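All remarks here apply to the structure that follows.
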Amino acid sequence: MIYSNDRILTTHAGSLPRPDDVRELVAAKAAGERYDQAALAQRLPTAVEEVVRRQRAVGVDIVNDGEYGKSNFTNYVRERIEGFEIREHDGGREERLSIVARDSRRFRDYFEANPRPRSRIGVGFPVCVEELRYSERGWAELQADIANFTSALEQEGATWGFLPANTPGTV
């Protein structure tokens, strides 16, 4: 258990702003575009060190990796986990399962005036078709995230940290 007798410890949830070069590489990868894999593999560890350093500098006690290795949690699942397929929205049953489905019905005028932005990879509906499991690529990327973060914790002298992860309910 992590605690302090002197003050309230701080942490945060959510991704942190990425350096431009990291953001572009991660976005291209998520979109299935060509990107420099070696450049991303080389840059990501130093970017994670930088974000851990910045969190410590502003007084965050329990740091994370800024979610730098993933573009967002939807893509995290698409890139790393197998056992589902993406189907196109047809306006039917899957629309009811959208995270904003209830609000979009209740506040229809707002959503019609402010359509949700589409990602670079489009919008689809994940359907579980078999047991969910890390893919070989997903397992390798998870190990890289752990190694990058562990190194950053050691380099920056951080005592406590965590890697944000997606939950099945979010998927």
Side-chain angles (χ1 to χ4, degrees), residues 12-55 63-104 110-152 161-171:
H12 67 92
S15 63
L16 295 173
R18 292 167 184 81
D20 291 343
D21 60 336
V22 173
R23 186 183 64 248
E24 286 303 314
L25 289 165
V26 170
K29 176 184 168 196
E33 299 171 0
R34 292 182 61 142
Y35 71 99
D36 188 337
Q37 294 177 3
L40 181 59
Q42 183 177 19
R43 178 66 173 107
L44 207 47
T46 60
V48 172
E49 283 180 26
E50 292 164 9
V51 76
V52 168
R53 182 179 312 118
R54 287 196 326 262
Q55 289 171 81
V63 299
N64 69 35
D65 70 344
E67 300 182 19
Y68 280 12
K70 46 191 141 332
S71 60
N72 60 49
F73 278 132
T74 300
N75 291 340
Y76 176 88
V77 172
R78 289 179 180 168
E79 294 170 354
R80 299 181 182 202
I81 296 177
E82 295 178 343
F84 68 95
E85 61 186 38
I86 302 298
R87 297 183 183 166
E88 291 303 312
H89 286 286
D90 66 6
R93 177 177 133 7
E94 64 271 8
E95 290 295 329
R96 292 192 316 259
L97 300 176
S98 165
I99 196 167
V100 297
R102 188 176 0 176
D103 289 341
S104 66
Y110 170 83
F111 281 89
E112 287 175 0
N114 300 283
R116 294 180 73 195
R118 297 180 80 77
S119 70
R120 286 170 76 169
I121 63 170
V123 177
F125 177 66
V127 176
C128 184
V129 294
E130 57 187 77
E131 178 183 347
L132 297 179
R133 64 199 174 283
Y134 269 97
S135 66
E136 187 174 314
R137 175 181 150 197
W139 185 251
E141 289 182 352
L142 175 62
Q143 296 303 311
D145 284 346
I146 292 169
N148 291 339
F149 189 50
T150 301
S151 175
F162 68 97
L163 284 172
N166 206 355
T167 66
T170 304
V171 178

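Side-chain atoms are counted along with the backbone in the values below, which use heavy atoms only and exclude waters and symmetry mates. This is a predicted model, so every value here is computed, not measured.
- Distance CD/Glu85 to SG/Cys128: 10.0 Å, rounded to 0.5 Å.
- Asp145 CG to Tyr68 OH: the interatomic distance, rounded to the nearest 0.5 Å, is 13.5 Å.
- Glu131 approaches Arg133 most closely through the heavy-atom pair O-NH1, 2.8 Å.
- Of all heavy-atom pairs between Ala47 and Val22, the closest is CB-CG2, 3.8 Å.
- Of all non-hydrogen atoms in Glu79 and Ala30, the two that sit nearest each other are OE2-CA, 3.2 Å.
- Of all heavy-atom pairs between Gly66 and Val51, the closest is N-CG1, 4.2 Å.
- Minimum interatomic distance between Pro19 and Glu50 (heavy atoms only, all atoms of both residues): CG-OE1, 4.2 Å.
- With hydrogens and angles ignored, the 3.5 Å screen pairs no side-chain donor or acceptor of Thr150 with any backbone N or O of Ala147.
- Counting non-hydrogen atoms of other residues, nucleotides and ligands closer than 6.0 Å to CD of Gln143 gives a total above 12.
- Once rounded to the nearest 0.5 Å, the distance linking CD of Glu49 with CZ of Phe149 reads 12.0 Å.
- The side-chain heavy atoms of Gln37 and Tyr35, taken from C-beta on, include a pair separated by under 4.5 Å.
- With respect to Val52, the side chain to side chain contact (heavy atoms under 4.5 Å, CB included) criterion is satisfied by exactly one of Asp65, Val63, Asn148: Val63.
- The shortest non-hydrogen separation linking Pro45 to Ala41 is CD-O, 3.1 Å.
- Atom CG in Asp21 sits 4.5 Å away from atom CZ in Arg43 (nearest 0.5 Å).
- Between atom CD of residue Glu24 and atom CZ of residue Arg18 there is a gap of 11.5 Å, rounded to the nearest 0.5 Å.
- Separating the CG atom in Leu142 from the NZ atom in Lys70 is a distance of 8.5 Å, to the nearest 0.5 Å.
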